[in-house]
Amino acid sequence: MPVLSIQHLTKNYGNIKAVDNLTLEVNAGVVFGILGPNGSGKTTTLGSILGIIRPDSGTYRWFDGRYDGDERMQIGALLETPNFYPYLSAVKNLEIIAHIKKIKDPQIDRWLELVNLSERRHSSFRTFSFGMKQRLGIAAAMVGDPEVLIFDEPTNGLDPNGIAEVREIVQRIAGEGKTIIMASHILDEVEKVCSHVAIIKKGNLLASGEVGAILSNDRQVEIGADDLPRLRELLAALPGVRNITPVNRHFSLLVPPDVTAASLNKLAFDNGLTLSHLVMKPKSLESEFLEITRG
Ligand code: ATP
């Protein structure tokens, strides 16, 4: 069931295309990463689906219209480090948020526990480290127990421990069955935290789908030989080879990076097979782009 469906979303700032005809679907229960380098339109996309930024064209629909326009209470968001009252405690700050959101049973202790801030619950916000402030922001997004959480670069500016802690918290939230949509410019982060990904560059969608399928370095290969059953046996025995699918008189399959045209030729030759067809397809994403977002 789609939690969010975006259709042809477009937003220009003057002649800058921040988001360009973006179409996406996010299903319930996934951790959906929006991956792209700085300035690729992630924040603009999140701002649009939250109703903070008005797109030039395109539409988005939350929960298949289930909440009849009243869906905002089911969406918690952390876009940038929020402004809390510096002299009030973590608990007091969350109570104020619950009051503004008109939430009767805000379960503040539960959310402080979730973000590892129970011990500092009565400390004033101004005494918090940057990482603690960020985690309180996550707790604030959880107030009201929304179905969907939106996080914009939640680990930005944190040290390695803080990064690991926030990633772990995001996964904990996912473990509660929530749908999470998070922007990141770090490929490694998306690989570690997300189940699904959309890759955007200059406002354009390059690819979207399951993380394992989209971000792997595997290449697609087409290969055919006179003796197809024997060829299949040989391919299936290669480590890391997957999705062997018959297509006309050859197979289409995914191979890990160490499998090359030369190694496939040799495999066939050594086993007395003559290849009738061999095409190594380019990777699904430009490796150059992956380099930009790696690390
Ligand atoms: P970052 O990771 O750096 O935040 P992003 O992927 O979130 O980047 P956006 O912030 O959505 O990208 O920006 C997309 C493009 O739109 C950029 O070229 C940016 O300069 C431009 N842009 C965003 N907001 C505005 C604005 N209010 N006025 C003018 N241009 C803007």
Side-chain angles (χ1 to χ4, degrees), residues 4-26 30-62 72 75-83 130-131 133-135 137-138 140-141 148-160 162-164 166-167 169-170 179-209 211 214-215 285-295:
L4 170 66
S5 160
I6 302 177
Q7 298 281 334
H8 307 293
L9 193 75
T10 297
K11 175 72 182 177
N12 300 309
Y13 292 107
N15 53 16
I16 296 169
K17 273 193 180 331
V19 181
D20 189 8
N21 197 24
L22 184 72
T23 294
L24 264 190
E25 205 150 88
V26 178
V30 305
V31 182
F32 196 97
I34 298 181
L35 176 66
N38 288 335
S40 53
K42 303 181 296 295
T43 302
T44 307
T45 302
L46 298 184
S48 300
I49 59 177
L50 283 167
I52 298 166
I53 291 170
R54 184 200 290 265
D56 295 325
S57 57
T59 57
Y60 59 90
R61 186 174 162 87
W62 282 106
R72 197 57 187 79
I75 307 165
L78 174 62
L79 288 196
E80 49 198 39
T81 312
N83 282 324
F130 181 68
K133 288 176 177 169
Q134 193 71 353
R135 282 184 277 129
I138 294 176
V148 177
L149 280 307
I150 295 181
F151 299 130
D152 191 5
E153 305 260 9
T155 62
N156 244 8
L158 299 175
D159 64 17
I163 290 172
V166 164
R167 287 179 184 168
I169 289 166
V170 170
T179 306
I180 296 171
I181 302 171
M182 65 177 257
S184 176
H185 65 280
I186 304 166
L187 177 62
D188 176 59
E189 173 158 284
V190 170
E191 279 178 321
K192 284 196 171 107
V193 178
C194 301
S195 61
H196 291 71
V197 62
I199 301 185
I200 60 171
K201 186 182 183 181
K202 294 194 176 143
N204 275 301
L205 181 70
L206 295 188
S208 82
V211 163
I214 300 287
L215 298 183
L285 292 163
E286 314 125 89
S287 52
E288 172 207 351
F289 174 76
L290 290 180
E291 287 311 314
I292 296 170
T293 49
R294 209 178 270 282

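Numbering of ligands and ligand atoms starts at 1, following listing order. The structure presented is a predicted model; accordingly, all values stated were derived computationally and were not measured.
- Taking 4.5 Å as the limit, some side-chain heavy atom of Trp62 sits within range of a side-chain heavy atom of Ile49.
- In summary, the atoms of ligand 1 found under 4.0 Å from a heavy atom of Gly41, numbered by their order in the structure, are 5 (P), 6 (O), 9 (P), 11 (O), 12 (O), 14 (C).
- Polar contact with ligand 1: absent for Thr45 (N/O pair, distance under 3.5 Å).
- Thr23 and Gln7 form no side-chain donor-acceptor contact under 3.5 Å, judged by distance and modelled atom types alone.
- Within the 4.0 angstrom cut-off, atom 6 (O) of ligand 1 has one or more protein heavy-atom neighbours.
- Closer than 4.0 Å to atom 29 (C) of ligand 1 lies at least one heavy atom of the protein.
- For Glu153, every heavy-atom contact with ligand 1 shorter than 4.0 Å involves the side chain, none the backbone.
- Side-chain polar atoms of Thr155 and Glu189 form a donor-acceptor pair below 3.5 angstrom.
- Taking every heavy atom of Pro37 and a limit of under 4.0 angstrom, the matching atoms of ligand 1 come to 6 (O).
- Residue Gly39 places at least one N or O, backbone or side chain, under 3.5 Å from an N or O of ligand 1.
- For the side chain to side chain contact (heavy atoms under 4.5 Å, CB included) criterion with Val19, the lone passing option out of Ile6, Thr44, Asn12 is Thr44.
- No side-chain N or O of Thr10 forms a donor-acceptor pair with one of Asp56 less than 3.5 Å apart.
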